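Right, one structure below, let's go through it.
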Amino acid sequence: MSLTRVSSASYLSPDRERSPSPSGSPTPRLRKLSFNPLPGDWNAPEEAAQETHAQPIGAFEVSKARRILQIFIAIFYCLLGAGVVFGYAALKPVLIQEHVYRESCTQEELEKGVRTCFEQETRLNLMFTVAAVGTNVAALPIGAILDKFGPRVCSLLGGLFLTAGSLLFAFANQIPFDGYLPGYFFLGLGGPFIYISSFQLSHAFPQHSGLILALLTGAFDSSSAIFLLYRIIYEGGHEAFKLKYFFLIYLAVPCFIFIVQFLCMPYRSYKTIGELVEQVEEEEDETFDDQVNEQTALLQEERRQHRQSVVSEITDLIGSKSGIKHFQEEEQKNKISGVWGAMHGKTVAQQIFSPWCILITLFTVVQMLRINYFVATIRPQYEYLLGSYGKAVEVNTFFDIALPVGGILSIPFIGLVLDNRSTFFVLSCLVTIATTIGVLGCLPYEWAAYANISLFVLYRPFYYTAVSDYSSKIFGTRTFGTVYGMIICLAGLFNLMQSVLDLLLHKVFHGDPVPVNLILLGTAFVVGVALCAYVGTKAYTFERDGLEEEAERANEVAMPSVTFPEDD
C-alpha cells in the first residue's frame, strides 16, 4: 500500500504551465481536493455534481472536542486494520505450523518431513501477493467512492471487507473452497478503504494537517504488528489459540468501525484550506438589496452578524482570511523541488506518455516488486544465506518488530527531506539506498542481514511517500488521482510476477536467493539511474531558463555618477 502525500496547502495554488514570464501566468485560483482518480474534465457539470456528490463541510461547524475525538478514533482503527496484511512475514510461520496448504505437498515430501514444500510456499506467497495487488489497485475506485458518497460510506465498506476476510479465514477449514486466499485479499482490500477515507481528517485542524497525516501514516505502518502480537502469543505456549479463534476475535475491529461511524465520525469530508478561503471570499462579497425597511433591516443585520461569525471562525481555523502563510510555505517548497510544475496544465494522455511518467512507473513497478517479494520470502532467503534455520527465525523476528517501528521513526525525517531537498536529490537517495539494500541482501553474513533490514524498514515508507510527492509536484493536483492511481495500479498488477520469482528461487536456483536478488538489483539500478539522469537534466534546464528569463526582464539601471554624451 502506498502512502499518499499531497499537502493540503497545495490546493491554494493553481496547476499552471511554465510560461516565459510572470505576466504570462494565469491568475491563481482555488481548487477542490478530490480523491477521484478521474480528471476534473470528466466530472459531471457543477450543478449535477452538487446533487450526486457528498459536499464537504467546514471544520468550524463541528466542535473542537468532537474533531479531536474523530482523529483519535481514526488513528486507533487504522492502527488495528489499515495495513494489517503487510504483517504477512509474522503470520506466515503460524500458517505453516497450522498446516495451511500442506495438502499441496507430495507424499514423498511429506515423508521427508520438509518444513514447507514448493507448492505450499508458492500458494502461501500468492495469498500475500493477491492481497498486495488488491490493496494497490483499490486506490482507483476508492477515490471515486469517497468523493461521491463521503468518508462514512467508504469506512463502512472497509469494515465490511475486513469482516468478510476475517470470517473466511476463521472458517477456511470448514468451507468447500479455498478460503485463505480470498480471505487475505479482503483483509487487504479493507485497509485502504478505512485508511484513505481518514485523510480528510487532516483538514479538521488545517494548521496541524501535517501532524495528523503523520499520525495516520504511523498507524498504518504500525498495523503490521497485529500479526506479530498474535504470533508471539501463539508461539509462547498458546498453540491452542488457533487461527479460527484469533480471526473471530478480530471481528471486533470492523464492529468497532461500524459503531463509531454512526456515533461520531463525519459522514462528509472536511473542507480544505482552499475551500475555506473561498468561503470567506463568498461571505464577504455577499451584497444586500438597496431597498431597506424596518423588517429587512433586522434580517440583514442578523445575516451580517452570522457572516462575521463564520469569517471569524474560519480565520481562527486557518490562521488568516487568505491563507497566505500556507501559500507562501508551499511556494517555497515548490521552488526547492527544481522541477515543480513540469507537466502542469498538460492533458492526462500527455502526462502518462511522457518520460516523467514512464520512468517513475518503471521504477515504482520494480521497487514495489522487490519490497513485497522480500516481505514474502525473508525467512527462506536467510535460511539459505546464513545456513541455519534458527538464525533465519531470529532475523525474521527482528524484521517483524522493525517493520512497524521503522515506519514510525522515519515519518518526521521523510517530511523534512521532501520539503527541503530537490526532487533530484530525493530520487538519488532512493536509488542509492535501494542499491545498498540490494547488495546487503546478497551477503551471507548476520551483520549484513540486520543492516539490510534496518535500511529496508526505513526505506519502505520513504519510497512510497516520495513517489506520491513526485507525482503531485510533477503532474499537479488536477490529474494527481488519475496519474498516481495508474502508477500504483500497474505496480500492483506487476506484483503478480512474484510467482515467477518464487519459481526461479525454488526450481531454477534451488533456494539460492542471490541470483534473483541480483536480477532485481540490476534492473532497479538501471531504471533508477535513467530516472535520476532525466530529472537532473531537466532541473538544470529549468534553472538555466529561469535565470535567462530573469536577465531578460531586468531593466538597465545607470549608476548615479555616470553621464551620457547626449546629456551634455
Side-chain angles (χ1 to χ4, degrees), residues 1-6 33-39 78 82-83 85-86 128-147 154 158 161 185 187-199 213 216-217 220-221 224 343 348-349 351-354 356-375 407 414 418 423 426-427 430 434 459-498 524 527-528 531:
M1 173 64 188
S2 57
L3 309 180
T4 307
R5 181 180 187 271
V6 183
L33 174 60
S34 173
F35 293 92
N36 194 332
L38 300 181
C78 282
V85 293
F86 291 100
F128 169 70
T129 300
V130 170
V133 170
T135 300
N136 290 296
V137 174
L140 288 172
I142 289 174
I145 294 171
L146 183 58
D147 282 350
C154 217
F161 288 130
F185 170 76
L187 288 173
L189 196 60
F193 271 91
I194 64 173
Y195 175 56
I196 295 177
S197 63
S198 301
F199 286 167
L213 285 174
L216 289 170
T217 302
F220 168 82
D221 283 320
S224 62
M343 294 297 291
V348 173
Q351 292 181 342
I352 289 177
F353 292 105
S354 69
W356 294 100
C357 186
I358 293 172
L359 289 171
I360 193 65
T361 300
L362 291 174
F363 186 69
T364 304
V365 165
V366 177
Q367 292 297 343
M368 192 177 293
L369 180 60
R370 289 182 69 192
I371 288 171
N372 290 333
Y373 177 70
F374 182 74
V375 171
I414 291 173
L418 295 180
T423 301
V426 171
L427 293 175
L430 288 177
Y459 172 82
R460 179 174 170 266
F462 177 40
Y463 157 73
Y464 281 132
T465 313
V467 172
S468 67
D469 182 72
Y470 172 98
S471 301
S472 175
K473 288 175 178 175
I474 300 300
F475 306 112
T477 58
R478 183 177 64 86
T479 58
F480 174 83
T482 307
V483 179
Y484 180 70
M486 184 274 299
I487 293 171
I488 297 303
C489 180
L490 286 177
L493 291 173
F494 268 90
N495 263 258
L496 294 171
M497 288 289 294
Q498 284 190 55
V527 175
L531 175 63

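This is a predicted model, so every value here is computed, not measured.
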Discussion item. Measuring only between side-chain heavy atoms, which start at C-beta, is L418 closer than 4.5 Å to F462?
Written reply: yes
Worksheet, complete the sentence: Residues at least two apart in sequence or cross-chain that pass side-chain hydrogen bond (donor to acceptor under 3.5 Å, both in side chains) with Y463, listed by chain then number, are none
Discussion item. Has Y470 got a side-chain atom pairing as donor or acceptor with W356's backbone, closer than 3.5 angstrom?
Written reply: yes
Item to complete: Report yes or no: does R370 contribute a side-chain atom to a donor-acceptor pair with the main-chain N or O of A434 at less than 3.5 Å?
Response: yes
Discussion item. Looking at every heavy atom in both Q351 and M343, which two are closest together, and how far apart are they?
Written reply: NE2-O, 2.8 Å
Worksheet item: Who pairs with F193 by side chain to side chain contact (heavy atoms under 4.5 Å, CB included), at least two apart in sequence or on another chain?
Response: I142, I145, C154, L157, F161, L189
Worksheet item: Would a distance-only check, ignoring hydrogens and angles, find a side-chain to backbone donor-acceptor pair under 3.5 Å from Q498 to T129?
Response: no
Worksheet item: OH/Y195 to OG1/T217 distance, rounded to the nearest 0.5 angstrom?
Response: 3.5 Å
Worksheet item: Once you round to the nearest 0.5 Å, how far does CG of N372 lie from CG of N136?
Response: 7.0 Å
Worksheet item: So do the side chains of Y484 and V467 get within less than 4.5 Å of each other, counting heavy atoms only?
Response: yes
Worksheet item: Between F374 and R460, is there a cation-pi geometry (under 6.0 Å to ring centre, at most 45° from the normal)?
Response: no
Worksheet item: Taking all atoms of both residues into account, what is the closest heavy-atom pair of T135 and G188, and its distance?
Response: OG1-O, 3.1 Å
Response to the item:
Result for side-chain contact (heavy atoms from CB on, under 4.5 Å) between M368 and one of F494, F363, Y373, Y464 points to Y464
Worksheet item: CD1/I487 to CD1/I360 distance, rounded to the nearest 0.5 angstrom?
Response: 6.5 Å
Worksheet item: Does any N or O in the side chain of S472 come within less than 3.5 Å of the main-chain N or O of D469, such that one atom is a donor and the other an acceptor?
Response: no
Discussion item. Give me the atom names and distance for the closest heavy-atom approach of G134 to F185.
Written reply: CA-CE1, 3.7 Å
Worksheet entry | CZ-SG distance between F220 and C78, expressed to the nearest 0.5 angstrom | 9.5 Å
Worksheet entry | For the student: nearest non-hydrogen atoms of I194 and S197, plus distance | O-OG, 3.2 Å
Worksheet item: Of V366, V483, L490, which is the lone residue that meets side-chain contact (heavy atoms from CB on, under 4.5 Å) with T361?
Response: L490
Worksheet item: Which atoms form the tightest heavy-atom contact between A138 and P192, and what is the distance?
Response: CB-CG, 4.1 Å
Worksheet item: At what distance, to the nearest 0.5 angstrom, does OG1 of T364 lie from CG of L369?
Response: 12.0 Å
